[in-house]
Amino acid sequence: MSELKQSRPKGTQDFVPPDSERRRQVEAAFRHLAACYGYREIITPTFEHTAVFVKSSGEGSDVVTKEMYSFKDRAERDLTLRPEGTPGVVRAALENRLRLPCRLYYVGPFFRYGRPQKGRFREFGQVGVEALGEASPLVDAEIIYFGADFFRRLGISDCTVQVNSIGCRTCRPAYRETLRKSLFDQKERLCADCLVRLERNPLRVFDCKVETCRQAVQDAPTPRQHLCADCERHHEQVLSALTRRGLRHAANDRLVRGLDYYNRTTFEYLSTSLGAQDSLGGGGRYDYLVEDFGGPPTPGVGVAIGLERTLLAAPVAPAPARRHLAFVIWLTEAERAAAQELADRLRTDGIAAQVDYDARKVKGQFRSADAAEATCCIIIGPDELAKSVYSLKDLATGEQREVASDVLVEAVRALFRD
RNA sequence: GUGAGUGUAGCUCAAAUGGUUAGAGUACCUGACUGUGGCUCAGGAUGCUGUGGGUUCAAUUCCCAUCACUCACCCCA
């Protein structure tokens, strides 16, 4: 393979047709569904002040400590390519003084530094929704259902949902200490990472996959057992709302998630077809985040879904949107201008049209039409010119007939219909 | 950031234990078909074997380094 001067940066990807079209299909499906649930699109910057992420996701979180693309701009401002969606959305909602409650969805690229592997990229596509100002557990349930609905509509059947509650300001501090004590008593079983987590955020030990840590956690009290009355009631209502909808879900006491801003409900969608990165998406409630940004006390809950993983898990790649193209073919130099004029005329009528201006021979033009996956060809030669007609050929069936100029557009549209 | 595996034609892959001119399928181009694609047949073009170094009479093959990709750890989308 001859060496190219430029190659794409590690962890990025090119989407060439038809993959680009498939991806847009999935995005379109998401936009449609989000709109069905009352969400409207918010578009925020791809980079933010670094503090936006540090303050919301947590100084000690892995995302912040080792996965951010941070840089200084020419005026020495600390900026970061967004590693996740929620902080930017909350910041923007406050900055624009959006009236609450408000439901927002987003679609776009996100960035995290890390070794790429199956389903993990440095630049990745993510879609998500955020419900700001809604406190009801029914909203948590609706959002969990929304994600499951999305996957179901894409034909992803092996998706399972795990749900947990990690408590609130009232019950978490006491629980955290109880947990810390329990883990401290068996600290010889913990790995080096978990010893650090024990200090910073003992809940994170639940995420550890090291066998001895898992055992330690097995014997430790779970957040679930230590919820205050309000949290317990909230959680019960979330679960029962899911059950009422017929959404199968599994309780997972160790599901705490890596971002610091979550409280109460956390959830995650898992798929077996993704490899080691088995999470399709996840989310949770964040009732203190808006306040942390200096806004009024405002509850919030949201979900984020990975686009690449969704594409991976979809059993059949979503078909690219049906696309139609008319290819205008000329025979001799004398008809080339006429071909170009016809293409322009068709485009004016909203019909996609293309001409191979370079080809010397008819055969080459037909091949170009095939390569472009055209629906039909319109041939202009001396005979057609003399008779003031066009020869219209359906490339799928091979049928060809002469069509008068004034009914050509209608005839092409008829071919485009199926 | 740590580890393992893999780098040969545009693509998918061959080339016993080092051996002389690196092959096949597919895609591509040309012709059979001087105004008709997809099928068939015939012909044609294509490689600094990822890069740099080393061992050897000889390296696609062995060794070292480096880069890239893949998978896993980690983390999560």
Side-chain angles (χ1 to χ4, degrees), chain A residues 1-4 6-13 16 57 61-68 82-86 106-128 147 191-194 196-197 204 207-210 213 255-259 266 268-271 274-283 302-313 327 329-332 334-335 356 359-385 391-400:
Chain A
M1 196 183 304
S2 67
E3 199 179 333
L4 295 168
Q6 303 296 151
S7 62
R8 80 183 101 88
K10 186 191 280 286
T12 61
Q13 21 177 12
V16 301
S57 304
S61 68
D62 291 277
V63 169
V64 167
T65 53
K66 47 190 198 195
E67 292 181 352
M68 294 207 304
R82 59 182 185 187
E84 51 172 324
T86 308
Y106 59 85
V107 174
F110 292 81
F111 307 83
R112 273 182 217 179
Y113 192 92
R115 276 279 181 94
Q117 71 187 73
K118 186 170 185 175
R120 184 169 74 188
F121 300 90
R122 289 183 174 177
E123 178 179 12
F124 56 98
Q126 191 171 293
V127 299
C191 67
D193 285 342
C194 283
V196 177
R197 290 174 180 139
R204 294 295 317 287
D207 280 337
C208 192
K209 283 164 193 150
V210 175
C213 295
L255 178 62
V256 299
R257 300 188 60 78
L259 288 337
T266 58
E268 197 163 322
Y269 304 94
L270 266 25
S271 166
L274 295 181
Q277 307 300 316
D278 60 355
S279 171
L280 282 167
V303 60
I305 293 166
L307 265 184
E308 288 78 7
R309 293 178 188 183
T310 301
L311 256 355
L312 270 179
F327 216 95
I329 288 175
W330 48 280
L331 291 172
T332 70
E335 294 91 39
D356 182 346
R360 294 255 168 70
K361 295 186 173 178
V362 179
K363 184 171 184 156
Q365 293 185 55
F366 269 95
R367 285 195 179 171
S368 295
D370 272 336
E373 292 171 359
T375 305
C376 63
C377 285
I378 300 166
I379 302 105
I380 310 176
D383 295 353
E384 283 83 356
L385 228 44
S391 290
L392 176 63
K393 180 168 187 171
D394 182 336
L395 282 179
T397 65
E399 285 166 31
Q400 181 171 327

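Here is how names work: the chains are called A, B, and so on, in the same order as the sequence lines, proteins then strands, and each is numbered from 1. Given the structure is predicted, the values throughout are model-derived calculations rather than measurements. Excluded from the calculations below are hydrogen atoms, water molecules and symmetry mates; all remaining heavy atoms, backbone and side chain alike, are included.
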Base, sugar-phosphate, or nothing: which does A:Ile379 touch, judged by heavy atoms less than 4.0 Å apart?
-> base
Between B:U26 and B:A42, how far is it from one P atom to the other, in whole Å?
-> 12 Å
B:U30 C1' sits how many Å from A:Lys363 NZ, rounded?
-> 9 Å
Measure from CD on A:Gln400 to C1' on B:U36 and round the result to the nearest Å.
-> 7 Å
Would you please confirm or rule out a distance under 4.0 Å between OP1 or OP2 of B:G31 and any side-chain N or O of A:Lys361?
-> yes
Determine the interatomic distance between C1' on B:C74 and the same-named atom on B:G1; round to the nearest Å.
-> 9 Å
Could you work out the separation of B:A24 and B:A45 based on their P atoms and round it to a whole Å?
-> 12 Å
Taking atom P in both B:U55 and B:C63, compute the distance separating them and give it to the nearest angstrom.
-> 15 Å
Ignoring hydrogens and angles, state whether a donor on the side chain of A:Glu84 or A:Gln126 is under 3.5 Å from an acceptor on the partner side chain.
-> no
Stacking between A:Phe110 and the base of B:A77 (centre distance under 5.5 Å, interplanar angle under 30°)?
-> no
Can you tell me how far P of B:G37 sits from CG of A:Leu392, to the nearest Å?
-> 17 Å
4.5 Å side-chain heavy-atom contact, A:Ile305 and A:Thr310 = yes
Classify the nucleic acid contact of A:Asp356 as base, sugar-phosphate or nothing, counting any heavy atom under 4.0 Å across all strands shown.
-> nothing
May I ask you to say what A:Gly119 touches in the nucleic acid, namely base, sugar-phosphate or nothing, with a heavy-atom cut-off under 4.0 Å?
-> base
In whole angstrom, give me the gap between the C1' atoms of B:A72 and B:U20.
-> 43 Å
Compare side-chain N and O positions of A:Gln117 against OP1 and OP2 of B:A72 and report whether any pair is under 4.0 Å apart.
-> yes
Just to confirm, is there a sub-4.0 Å distance from OP1 or OP2 of B:C76 to any side-chain nitrogen or oxygen of A:Arg122?
-> no
Can you see which heavy atom on A:Leu392 is nearest to which on A:Cys376, and at what distance?
-> CD1-SG, 3.9 Å
From the list B:U36, B:A77, B:C69, which nucleotide is the closest neighbour of the side chain of A:Ser279?
-> B:A77
Side chain to side chain, A:Arg120 and A:Arg112, heavy atoms closer than 4.5 Å = no
Between B:G7 and B:G47, how far is it from one C1' atom to the other, in whole Å?
-> 14 Å
Nearest-nucleotide check on RNA chain B, A:Leu274 vs A:Arg309; residue mapping nearer the 5' end is A:Leu274
For A:Glu373, answer base if it contacts any base atom (sugar-phosphate contacts may also be present), sugar-phosphate if it contacts only those atoms, and nothing otherwise; contact means non-hydrogen atoms under 4.0 Å.
-> nothing
Min side-chain heavy-atom separation A:Ile329-A:Lys393 under 4.5 Å = no
Between A:Leu395 (CG) and B:C39 (P), how many Å, whole number?
-> 14 Å
Heavy atoms under 4.0 Å, any strand shown: does A:Gly398 hit a base, just sugar-phosphate, or nothing?
-> base
Specify the separation, in whole Å, of atom OH of A:Tyr113 and atom P of B:G1.
-> 4 Å
Touch check for A:Gly114, heavy atoms < 4.0 angstrom, all strands: base, sugar-phosphate only, or nothing?
-> nothing
What one should report as the nearest heavy-atom pair of A:Phe111 and A:Phe124 is N-CE2, 3.9 Å
Whole-Å distance separating the CG atom of A:Asp370 from the C1' atom of B:C28 = 14 Å
Strictly by modelled atom types, are A:Ser368 and A:Gln365 linked by a side-chain donor-acceptor pair under 3.5 Å?
-> no
Encoded 5' to 3' (Watson-Crick or G-U under 3.5 Å; [ ] crossing; | other strand), RNA chain B becomes (((((((..((((.....[...)))).(((((.......))))).....(((((..]....))))))))))))....
So, is A:Arg257 near the phosphate of B:C76, with a side-chain N or O under 4.0 Å from OP1 or OP2?
-> no
How close or far is atom P of B:C73 from atom NZ of A:Lys118, stated in whole angstroms?
-> 12 Å
Closest to the 5' end of RNA chain B, once A:Gln126 and A:Ala396 are matched to their nearest nucleotides, is A:Ala396
Syn or anti: how is B:A16 classified when any glycosidic angle within 90° of 0 counts as syn?
-> syn
Pairwise P distance for B:U21 and B:C39, with rounding to whole Å = 37 Å
Tell me which nucleotide among B:G35, B:C29, B:C74 gets nearest to the side chain of A:Glu384.
-> B:G35
Nearest atoms (heavy-atom pairs only) where A:Thr375 meets A:Asp394 | O-OD1, 3.9 Å
Measure from CZ on A:Arg115 to P on B:C67 and round the result to the nearest Å.
-> 10 Å
Heavy-atom closest pair, residues A:Phe327 and A:Asp356 = CE2-N, 3.6 Å
Would A:Glu384 and A:Ser391 count as having a side-chain donor-acceptor pair, cut-off 3.5 Å?
-> yes
P gap between B:C64 and B:A22, integer Å | 28 Å
